[in-house]
**Student:** 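First the structure, which I've put down as structure tokens, then a few questions once you've had a look.
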There are 2 protein chains.
Amino acid sequence: MVQAAQNRIANAASSLEASLRVRKNDEPSQKSGANSRQEILRAAARCFMQHGFAAASIDDVARELGATKGMIYHHFRSKTDLFFEVYRQGMAINFAAIRPHSEGESNALDRLTLMGLAHTIALLEEQAFQRVLAQGVAMHQQGSTTAAQREALVELIDSRNSYETMFRSTIEAATKEAGLSVNDLSIASKSFLAVLNSTVFWYSPRQDNPKAERATLAFELVSYALKGLGTTMPEAANEFLEQYENG
Amino acid sequence: MVQAAQNRIANAASSLEASLRVRKNDEPSQKSGANSRQEILRAAARCFMQHGFAAASIDDVARELGATKGMIYHHFRSKTDLFFEVYRQGMAINFAAIRPHSEGESNALDRLTLMGLAHTIALLEEQAFQRVLAQGVAMHQQGSTTAAQREALVELIDSRNSYETMFRSTIEAATKEAGLSVNDLSIASKSFLAVLNSTVFWYSPRQDNPKAERATLAFELVSYALKGLGTTMPEAANEFLEQYENG
DNA sequence: ATTGACAACATACTCGGTAGTATGTTCCCA
DNA sequence: TGGGAACATACTACCGAGTATGTTGTCAAT
């Protein structure tokens with residue numbers, strides 16, 4: 001089941017990239033088409049970020065698009081479904097960011113470092129989606145009415161757990177390989193991610209050079225998180241960040 | 001202005017302790033009196049924690065107390081005011097927890113460690129209030145109607161900033177005294193607190209021995225946070241935790 | 001070219017929930 | 001005994017989710 005959830009998330013990720021590519025190649029003001037769904041998701045992410053799920057209204061999202069409720073409800077069954085899709089997309093972005101580095105042939109510490117850097121940069125580049133993830137799904141445990149919503153809910157929770165497990169097992173491997181000072185693996189994993197995720201609450205992008213700023217911020221955070229595990233930043237980090245700033 | 005805010009927060013803290021003491025000495029089922037205000041705050045904190053500010057209704061809070069709206073609005077002007085008071089109380093709890101250790105005559109690293117431990121334990125003991133703090137006040141920036149509310153808002157923000165500054169300056173002092181590996185002081189402070197605060201999102205108390213569990217959890221978290229700064233837990237931690245578990 | 005059918009919205013409406021208020025009611029205390 | 005504190009009850013007004021229906025463009029078949 002977790003694997004199925006991951007596959008669906010991965011599909012959502014690739015369809016996201018596809019639609020983004022389509023939008024670039026199409027006419028600039030193409031209003032119709034399947035990418036309107038993507039615009040809704042982005043606008044919804046901003047609204048949910050600003051006001052929270054309950055306080056954000058469907059009309060707010062529509063207004064941000066210069067549209068009306070009818071459009072939203074043409075693409076999504078309910079406000080809850082819309083929120084879940086935003087959440088899925090956020091998770092898909094994160095999975096797409098770290099997966100390439102979770103299976104590299106290098107050692108575990110390098111993998112962990114690159115995963116952390118990629119995670120943090122994805123966080124900084126998609127703040128809106130990430131703050132929706134930070135809001136969590138706990139609130140919806142109470143009042144998910146339909147069966148499909150409950151199903152979607154456990155899928156999101158599975159996906160989030162699977163994501164954290166990827167970090168935890170990499171930390172575990174690195175602990176064995178490099179002899180880190182990890183006492184409680186669960187607490188260490190939570191703390192590691194907490195450091196990286198903390199940016200969404202206080203980072204506001206500067207104007208001059210966003211890419212360089214994100215790179216240095218990610219470096220500082222991952223450096224702190226690694227020191228918390230009892231190790232230091234490996235050389236592989238510099239290579240990755242240079243590639244990011246140029247690519 | 002910041003100092004004034006701190007004083008008012010401190011007053012709220014001592015009045016909290018006073019009312020708690022009063023409740024213990026009074027008859028067990030004393031319904032009337034000034035402590036009903038405290039019960040409202042505790043119930044409101046639980047509701048705001050579970051559903052978030054917007055989704056939690058005044059009737060929910062009243063129902064949790066076996067009362068009705070009229071009682072709530074007899075003590076608080078509006079839902080926003082109630083939230084602000086919960087927030088103030090949460091900050092007051094935190095200030096009361098760490099202040100004794102922020103002015104001890106020991107070295108900066110000891111002070112930082114004890115502040116971190118006290119902060120984390122206060123977090124674990126008052127989850128409801130702390131999750132309200134985590135929700136933040138950003139949402140209310142938009143729609144604070146009355147002038148008094150806007151004033152209260154900046155006071156809360158000042159208070160929060162003042163709290164973080166206490167940690168930041170202690171980290172700065174410890175960096176100079178003990179030569180920590182802190183590059184960016186601001187990022188280090190944010191990360192330090194992020195590790196300690198992360199518990200509110202995933203900690204759920206066990207039944208057997210809550211005090212011991214909190215002590216070990218706080219130890220692990222502060223240990224991680226200190227390693228992130230490039231140092232290790234000093235001996236003063238053990239003394240503090242033993243005193244906590246017995247006192 | 002015409003028609004019909006469907007997608008992609010906009011408009012107008014219903015309806016339940018909730019913040020806030022206005023008005024009792026009870027009890028205590030001066 | 002009367003006045004106010006500490007509530008409960010009853011009511012209003014509004015906002016927002018969801019729905020029902022109208023409108024427009026497009027495309028495909030005939």
Side-chain angles (χ1 to χ4, degrees), chain A residues 19 22-23 26-27 29-44 47-48 50-86 139-140 142-146 148-149 152, chain B residues 19 22-23 26-27 29-44 47-48 50-86 139-140 142-146 148-149 152:
Chain A
S19 71
V22 163
R23 205 197 307 179
D26 276 353
E27 273 84 315
S29 70
Q30 171 108 2
K31 288 197 70 176
S32 72
N35 57 359
S36 60
R37 191 183 163 89
Q38 280 299 322
E39 292 173 9
I40 294 177
L41 286 176
R42 300 197 73 84
C47 288
F48 289 149
Q50 280 197 341
H51 314 292
F53 171 76
S57 76
I58 297 287
D59 295 282
D60 286 340
V61 181
R63 200 175 306 127
E64 190 140 333
L65 296 167
T68 59
K69 293 169 80 135
M71 178 200 184
I72 313 273
Y73 280 101
H74 180 72
H75 289 276
F76 298 91
R77 297 185 107 87
S78 71
K79 187 182 174 185
T80 302
D81 284 23
L82 176 58
F83 179 86
F84 283 0
E85 277 304 305
V86 172
M139 314 184 323
H140 303 272
Q142 219 75 348
S144 283
T145 45
T146 74
Q149 284 183 353
Chain B
S19 70
V22 164
R23 205 197 308 179
D26 275 352
E27 270 86 314
S29 71
Q30 171 110 0
K31 287 199 72 176
S32 72
N35 57 359
S36 60
R37 190 183 163 89
Q38 278 300 320
E39 292 174 9
I40 294 177
L41 286 176
R42 298 197 72 82
C47 287
F48 289 150
Q50 279 197 341
H51 313 292
F53 170 76
S57 74
I58 297 287
D59 295 282
D60 286 340
V61 181
R63 200 174 307 127
E64 190 139 334
L65 295 169
T68 59
K69 295 170 74 140
M71 178 200 184
I72 314 273
Y73 280 101
H74 180 72
H75 289 276
F76 298 92
R77 298 186 106 85
S78 71
K79 188 182 172 185
T80 301
D81 284 23
L82 176 57
F83 179 87
F84 283 179
E85 277 304 305
V86 172
M139 316 184 323
H140 302 272
Q142 219 74 351
S144 283
T145 44
T146 74
Q149 285 183 354

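A, B, ... follow the sequence lines: proteins, then strands. Residue 1 opens every chain. As the structure is a prediction and not an experimental result, all values here were calculated from the model.
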**Student:** Between C/dC9 atom C1' and A/Ile72 atom CD1, what is the distance in whole Å?
**Tutor:**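 Whole-Å distance recorded here is 11 Å.
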
**Student:** Both A/Thr80 and B/Thr68 contact DNA chain D. Taking the nearest nucleotide for each, which residue is further toward the 5' end?
**Tutor:**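 That would be B/Thr68.
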
**Student:** With A/His51, which residues qualify under ring-ring contact (aromatic ring centres under 6.0 Å, His included), at least two apart?
**Tutor:**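 A/His51: no ring-ring contact (aromatic ring centres under 6.0 Å, His included) contacts found.
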
**Student:** Quick check on D/dA17: is either OP1 or OP2 less than 4.0 Å from any side-chain nitrogen or oxygen of A/Ser78?
**Tutor:**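 Answer is no, no contact under 4.0 Å.
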
**Student:** Quick check on D/dA6: is either OP1 or OP2 less than 4.0 Å from any side-chain nitrogen or oxygen of B/His74?
**Tutor:**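 Yes, B/His74 has a side-chain N/O under 4.0 Å of OP1/OP2 on D/dA6.
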
**Student:** How far does CG of B/Leu65 sit from CD1 of B/Ile72, to the nearest 0.5 angstrom?
**Tutor:**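 Between atom CG of B/Leu65 and atom CD1 of B/Ile72 there are 5.5 Å.
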
**Student:** Side-chain contact, heavy-atom cut-off 4.5 Å: B/Arg37 with B/Glu85?
**Tutor:**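 Of all side-chain heavy-atom pairs linking B/Glu85 with B/Arg37, at least one is under 4.5 Å.
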
**Student:** Nucleotides 12-17 of chain C: which of its N/O atoms have a protein N/O under 3.5 Å away?
**Tutor:**
none

**Student:** Return the value, rounded to whole Å, for the distance between atom CE of B/Met71 and atom C1' of D/dT9.
**Tutor:**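 Atom-to-atom, B/Met71 to D/dT9, this comes out as 16 Å.
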
**Student:** Nearest 0.5 Å please: distance from the CD atom of B/Gln50 over to the CG atom of B/Asp60.
**Tutor:**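 Result: 9.0 Å between the selected atoms.
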
**Student:** Looking at B/His75, I'd like to know whether one of its side-chain N or O atoms comes within less than 4.0 Å of OP1 or OP2 on D/dC7.
**Tutor:**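 Checking B/His75 against D/dC7: at least one side-chain N or O falls below 4.0 Å of OP1 or OP2.
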
**Student:** How close do B/Asp81 and B/Gln149 get, counting heavy atoms only, and between which atoms?
**Tutor:**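 Nearest pair, atom of B/Asp81 first, then B/Gln149: OD1-NE2, 3.1 Å.
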
**Student:** Nearest 0.5 Å, please: how far is CE in B/Met71 from CD1 in B/Ile58?
**Tutor:**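 One finds 12.0 Å between CD1 of B/Ile58 and CE of B/Met71.
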
**Student:** Between the protein and nucleotides 22-30 of chain C, are there any N/O to N/O pairs under 3.5 Å, and if so, what are the atom names and distances?
**Tutor:**
none

**Student:** For B/Phe84, give me all partners under ring-ring contact (aromatic ring centres under 6.0 Å, His included), at least two apart in sequence or on another chain.
**Tutor:**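 Partners of B/Phe84 under the ring-ring contact (aromatic ring centres under 6.0 Å, His included) test: B/His140.
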
**Student:** Give, ordered by number, those residues of residues 51-64 of chain B having at least one heavy-atom distance below 4.0 Å to an atom of DNA chain C; if nothing qualifies, reply none.
**Tutor:**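 Result for residues 51-64 of chain B: B/Ala56, B/Ser57, B/Ile58, sorted by number.
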
**Student:** How many whole angstroms separate atom CZ of B/Arg37 from atom P of D/dA5?
**Tutor:**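 From B/Arg37 CZ to D/dA5 P: 15 Å.
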
**Student:** For A/Lys79 and D/dC15, give me the distance from atom NZ to atom C1', rounded to whole Å.
**Tutor:**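 Those two atoms, NZ and C1', are 11 Å apart.
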
**Student:** How about B/Phe76 and B/Leu41: do any of their side-chain heavy atoms sit closer than 4.5 Å?
**Tutor:**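 Yes; the side chains approach each other to less than 4.5 Å.
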
**Student:** Note the angle between the end axes of the helix from C/dA1-D/dT30 to C/dA30-D/dT1, five pairs defining each, rounded to 10 degrees.
**Tutor:**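 Rounded to the nearest 10 degrees, the bend comes out at 10°.
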
**Student:** To the nearest 0.5 angstrom, please state how far the CG atom of B/Leu82 sits from the CZ atom of B/Arg77.
**Tutor:**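 With rounding to 0.5 Å, CG (B/Leu82) is 14.0 Å from CZ (B/Arg77).
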
